[in-house]
Structures are given as structure tokens and as C-alpha cells.
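Note that the structure is a prediction, hence the values are computed from the model and not measured. Quick note on labels: first sequence line is chain A, next is B, and so on, each numbered from 1.
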There are 4 protein chains.
Amino acid sequence: MAGTKDGNGNDGAKPVAQRLLATATRLFAEQGYDRTSVQEIVDAAGVTKGALYHYFGSKDDLLHEVYGRVLRLQQERLDHFADADAPVEQRLRDAAADVVVTTIENLDDTKIFFRSMHQLSPEKDKQVRAERRRYHERFRALIEEGQRTGVFAADIPADLVVDYHFGSVHHLGTWYREDGPLSPQQVADHLADLLLRALRP
Amino acid sequence: MAGTKDGNGNDGAKPVAQRLLATATRLFAEQGYDRTSVQEIVDAAGVTKGALYHYFGSKDDLLHEVYGRVLRLQQERLDHFADADAPVEQRLRDAAADVVVTTIENLDDTKIFFRSMHQLSPEKDKQVRAERRRYHERFRALIEEGQRTGVFAADIPADLVVDYHFGSVHHLGTWYREDGPLSPQQVADHLADLLLRALRP
Amino acid sequence: MAGTKDGNGNDGAKPVAQRLLATATRLFAEQGYDRTSVQEIVDAAGVTKGALYHYFGSKDDLLHEVYGRVLRLQQERLDHFADADAPVEQRLRDAAADVVVTTIENLDDTKIFFRSMHQLSPEKDKQVRAERRRYHERFRALIEEGQRTGVFAADIPADLVVDYHFGSVHHLGTWYREDGPLSPQQVADHLADLLLRALRP
Amino acid sequence: MAGTKDGNGNDGAKPVAQRLLATATRLFAEQGYDRTSVQEIVDAAGVTKGALYHYFGSKDDLLHEVYGRVLRLQQERLDHFADADAPVEQRLRDAAADVVVTTIENLDDTKIFFRSMHQLSPEKDKQVRAERRRYHERFRALIEEGQRTGVFAADIPADLVVDYHFGSVHHLGTWYREDGPLSPQQVADHLADLLLRALRP
DNA sequence: CATGAATGAGGTTTCATTCAT
DNA sequence: TATGAATGAAACCTCATTCAT
């Protein structure tokens, strides 16, 4: 009786809601939000539409849940590294590398995040933008701190540097392959290195 | 009174095919490819669906045309700067800055490009990927040249650096606003600067 | 007042899928497959398009279902008569007459069958052809048996005789009228008679 | 300069109108009337739509022209054989065989004829039906003559016999293959034979 | 004679969502 | 909790025909 009830791949091991979310995440990442039908999701999850609408108010809700998970995760981790007791260049390096690793480890979620953000309903979009802004500002504060204390070059707007780094993070979904030559940590180290070098005074 | 009947953007001034393409570009950039219906495009362009399908074989074709235009433009400009007679750090800086300026100047096209690439039909997708690869390789060659000649740091994969820079270019559509504090040229100079600094040995 | 709300043929008495199939059959027979729109079918059946596509994968599927029904019916009946314990000329006469009667009794289905066969999708067409061939061969075997045993003229290809008879069956949809002078059984007897006479040695 | 003007397959050898009709006939036979678009016809004939509508009032007209040609041909030939100076059984045999041969020799036209008859506009349909009726009656008269004079069995309605034979003619398009084992003349002889044997008193 | 751009109605199909059970 | 039949709007696309040139 332990583990799964039946033998097919989509058994009842995980609670239905989680299974639906995981399936939707995979399909959204593979095909895009608009190209994925509710029917596909429930078929792949082995449930019926009624079940989906029991747990989620709409298809849009599913997308929002994916966002929520990835946003909470990244914010927590950024706070963790930014609050550490270390020189600012170390804290920035750690934070910059960590977001790369967690992005790669959750590549499906982040692909969806960056590609489908503009497909949320207006109200949810507003909410997500607010959380994104908070994240951006925390990261920017690190850069500004370094600029104030003279360890980073100050002749460049901190906002631009944030977008510079997140551009490369955003882009990971386009080119990173699990079976490529670099491990997530190696990519992270290289990208953090590039950022820190670019900020050398 | 010059041109045609009325003064707004949707009169009959431009040939129908061009008008359709321009309208589609704008709507795709604003709403995304999937969210934009053929009906919306033809209504906004002031023609009927029949006219659209007279000039374009499918909705997919419209997207492909947008891509073609931006790809040709960027490849031409990259070739121009990469072939120049100047030190490699100058050629890379110019190319890196130029792609930022032209991306901002064609922000609708490039937004579509980066967001909707994966929504092309398989055959067209293949074709676009091939052209993208050619672009990528030309850019990478510049970096490798600098690494070989010792003017750029050699302890980082050139491929990764290309994706590093194009991440920030890709990202422009997400944050750049015409009415923001920085002109396209200023953004370009800053981003090229960041790249060149990151590559200092 | 038995059954459901109203007394006309399109109430909710029959399950929706059956009602759709019956309606489609009638309309295909009257107007042809291509000339009958899905909208006409659902309007006549008193449901919406969504309902039709809930039960049938495509318009093509509807046609295929009609075929399936008539093919199964005719094959069963042919097998029944061909397997009987009687002289071959009796078995052939019975089979030949029966296919005429059942064709007339299901004239809508068979009209569609003969007129629209070539409008099936390639894969379904292949399947139908295979079943038709099986039917043809069973019928031919009867003729060949009579030819071998000397009760039928042997100087004519059995294949041709099968097509000779089925030509007249095929043709029934073109000229037979319910209110004409001959009952289905009379037509069947005459046509079987013609076939048997033509086969006299 | 003799013959054709240019080297492609659809040159100007034949007058445009004839070329259009021949092309339409082939396409209608291959794909059916409804499945063949005017665009396909003009593309295959190497002209433009304007040209087609210059010569033919509508797509329907093309179909009607195909019918007209085959109807005139068959009526002429039937009249010729029926008016001959020979015993009625000879005249019937010749007419019955001839319609088979000319049907096979114009199989495209006759396929269209039998399959698409019901797709004519009401007025043209009426006209075609009238000509068909005239043909049918001429053929029936031969049978009745033989029945009156005792050379044919009289216990069967002459109308039914006509449809019996024309069923097999109608059916030719379904099974006859140019590369099959029987020549048109052989098929014709066999089918005429079957008819005459069936009519033996 | 012939062109081909443009029309506008209609084609089949998909889909998120609801609701009686 | 969960089902799945049914909705109805909207999607992309096709086509016979017209008309200014």
C-alpha cells in the first residue's frame, strides 16, 4: 500500500492538486501557456476537468500558482544571501550565482515565468509585477551599497546592472541544456564572475 | 491632404501587404502572437481576411516575415561592424552597442522575436534557428579572436559570453521604456561597457 | 406524451449521439457530404457544435460511422445467406435479393456509401476499402463455386459478375422511389432473377 | 512555331477554353467537384481566374459543360445503334456494348457525371435530367420492342432492365482500371452478353 | 481579352467553462 | 469530491465571385 495505488505512470501518489500543477508546469514550459489546453492537462494528469476546476478557479490560476512558487523561492533565497554577514562583493556574488542555479534547477517554471508573464489577467499581472519589483529592488540595493562604499564602479546606473544580470538569467531557458558541457554551478560561477568583473571599479 | 483620404495611421497610404505586416507587428508585440486574432489584425489594418490571406499564406507566415526582417537587419549590421578595420576590442564594442540600439529602435519586432520564436511551425522554426546560429557564431568569433590575442580574458567559454550579452539584449523588451531616463545610445554604451569590462583579462 | 417533451422527430427522445448520426445520415443523403455543413447538422439535431465534437472527432468521423453501420449489416447478412445449407444457385439468389432489400431499406445510408466513399480521409478510406474487398470476395466465391460445379456459365470472369450485380445495387439510390410501383421485395426478386438468368450456362 | 508556344506542360497549344475544360474534368474526376477549387483549376491550366470567368459564367457552368459533352456523345451513339437496320437483339447488344466502351474511354467525364450530378444548380439539374430521361427512354424502347416481338423475356419491367444495365455502366468508374486484365471492348462484350442472356425468354 | 487584388460569407474545429448528477 | 456532457464564442482559413485596370 505504500507509495502508489496503481501501476500506471499517473497514479495517485501525489495529491491531485500537486499533480495537476506539476503537469501543467511541464506542459506550459514545453508548449507555452496558450498552446496548452485544459483537456491536455487533465488527460496528462489522469483526472477530469471537474477535478481541475475543483482545485483551481481557472486556467489562469494555474499559471499564477506557478509564478507564486518560483517568486517565493527566489525571494527567500535572495533575502537569505543578501542578509548574510559578509562583504558586499561576496553577498552579491553569492546571490547572483544562486539565482542562476535555482533558475536552472527550476527551468520549467522560469521558462514559463519569462515567456508567459504577459498572459496573466490584468489583476494577477499587477500582483506579480509588485513582487517582481520587490525582488529587483533588493538586488539593486546590493549594487548600490557596493557603489557607495567604493567596491563597485559607480559610473553606471544600478538599475541597468540589475537588468543586465537578469537578462542573462532570463536567457538561460533559451540555451541551457541539461546534457550540455557545463553544470548549473559552473554556469552560475561564470555568470557571477562576469558580473563582478564588470563591476570592478 | 497628401497621400490619401485621412490622416490617421490606417488609411490606404501604404500598400495593403505592408500595412498588414506593420499592424500585425504592433499587435503581436502588444498582446503576443497567440492572443492576437487574425480578425483583430485585419480590422486594425482596415481590410478583410481575404486580403490578408491573399498576401500571406497563414498567420504563421506573418510571424515569419517579422522574423525575417529583423534577422536580416541584425545580420547585416553585425557583419558590417565585425568586418571593420579596427582592433578587436573596438569591433566588439561597436557590434555589441549597435545591436542594442537597433534592438531598441525595433523593439516591437524584437519583442516578438524573443517571445514568440517557439510558436513558429516546425519547418519555419528550423529555418529561423539556422539563421540565428549563424549570427551567434559570428559574434562568438569576435570574442574568440580577442581571447586568442590576449586582449580578452580566456578563462570563460566564448559561447557563454555571447549568451551573456544577448541575454541583456533579449531582456530590453521587458524593461526599456521610450520615456525612461536613458536614450538608446546611452543604454547601448553602458551595456557594451559592461561587456568589455567583464572581458578584461 | 410518451418519451419526451414534444412529438416531432427532433426532440430529446434519442441520445444525442444517435440523434446526430441519424440527422447527419439524412442530410448527407439528401445533399451530399461536402454540401452539408456541420452547422446544418447540429441545427437539425437541436444541439450545438460543441456537442457534436464531444461525440465525434470530426465531420469525417460521422461519415465513417455511417459506413461502419452499413458495412457491418451487409457483411452479416451476406455471411448468413452464403453459409446456408442449400444449393449454390439458391444461396446466390437469396444473397443477391437480400442485398437489394436491405439496400432499399437503408437507402439513405447506401446512397451516402456509394456517393461519398471517395471523400473519406485516406486512412479511413483504406479501412473501408479493406472491408469492402472482404464483402466482394465472399460474393465472388459463391459465383466461382457455381462455375466450378457447372451450374453457372463459366465463360465470364466472376469478378466482373460481382461488379455487374453491385452496379445495379449501387444504382438503386439513383432511381428507386418509395412511392413507385415496385416494392423492395419485387425489385429484389427481379434483379436476382436477372442475375441468375444471366448466369445460366 | 508549330504546335506549342512554350515548353511547359500547360502551354497555349489548345485554346484556353478547351484547356480549362479538360483540366477541370480531370480535377473533378480525381477529387470531386466540391473538393476542387477554381484556383486549382486555373493554376493547373496555367491561366488566371479572370480568364476562366471570361469563358464560363461560374464553376457550375464548367460542370454543366462536362455533362453536356458526355450526354451529347452518348445520345448520338445510342441513336446511331438504335436506328440501325438489324434485328432488335443485335441493336440492343451493340448499343449496350457501345455505351460501355465510350464510358470507359471517357471515364473521367462519366465518373463526374454519376458522382456529381446532384451538385448542379436546380435549373441545370432539371435540364440534365430531361436529357437523361430522353436517353433512358430510347434505350427502354429497344427492350420493349424485343419484349413485344417475343425475343426478350416479357415478365420483367423494361424500366428495371434499363436501370439494371446502367447500374453496371455507372459502376465502371468504381472498379475499372486501365492497367487491368480486360480491355474496354472485352468488358463491353461481357456486359452486353450478360444483359442479353438475362433477357433470354 | 485578361489580370489579380479584394471581398464577405461561410467552412471546420477548438476551447475554457458550467452544471446536473 | 468528482464526473463528463454540453455550451457558445471565437479561432484560423477557404472560396466563388467581382471589378478597376
E:dT21: pairing nucleotide in any strand, Watson-Crick or G-U under 3.5 angstrom: F:dA2
Picking from F:dC13, E:dG4, F:dC15, which would you name as closest to the side chain of B:Lys59? F:dC13
Could you check how far OH of D:Tyr33 sits from C1' of F:dC15, rounded to whole Å? 12 Å
Whole angstrom is fine here: how far is it from CG in C:Asp61 over to P in E:dT12? 14 Å
For a quick test of reading the model, state the closest non-hydrogen atom pair linking B:Tyr67 to B:Val128 and the distance between them. CD1-CG2, 3.9 Å
Using atom OH of D:Tyr53 as one end and atom C1' of E:dA5 as the other, report the distance to the nearest whole Å. 15 Å
Using whole Å, report how far CD1 of C:Ile41 lies from C1' of E:dG11. 12 Å
Please check if the side chain of D:Gln18 supplies one atom and the backbone of D:Pro15 the other of a donor-acceptor pair under 3.5 Å. no
Residues B:Arg69, B:Glu65: salt bridge by 4.0 Å N-O rule: no
Round to a whole Å and report the spacing from NZ of C:Lys49 to C1' of F:dT7. 12 Å
Which of A:Leu21, A:Leu27, A:Leu20, A:Thr25 passes side-chain contact (heavy atoms from CB on, under 4.5 Å) with A:Thr23? It is A:Leu27
Using atom NE2 of C:His54 as one end and atom P of F:dA5 as the other, report the distance to the nearest whole Å. 3 Å
Under 4.0 Å between a side-chain N/O of C:Ser37 and OP1 or OP2 of E:dG11, yes or no? yes
Starting from the 5' end of DNA chain E, give me the residue, C:Thr36 or A:Ser58, whose nearest nucleotide shows up first. C:Thr36
Could you give the CD-to-C1' distance, from D:Gln31 to F:dT14, as a whole number of Å? 14 Å
May I ask you to say what C:Phe56 touches in the nucleic acid, namely base, sugar-phosphate or nothing, with a heavy-atom cut-off under 4.0 Å? nothing
Which is true for C:Val16 with a 4.0 Å heavy-atom rule: it touches a base, it touches only sugar-phosphate, or it touches nothing? sugar-phosphate
Closest-nucleotide ordering on DNA chain F, the 5'-leading residue of C:Val47 and D:Arg35: C:Val47
Report yes or no: does A:Asp61 contribute a side-chain atom to a donor-acceptor pair with the main-chain N or O of A:Gly57 at less than 3.5 Å? yes
Nucleotide nearest C:Ala51 (side chain, heavy atoms from C-beta), chosen from F:dA5, F:dT3, F:dT7: F:dT7
In the strands shown, is E:dT14 matched to any nucleotide by a Watson-Crick or G-U wobble pair with both distances under 3.5 Å, and which? F:dA9
Round to a whole Å and report the spacing from CG of B:Leu52 to P of E:dG4. 20 Å
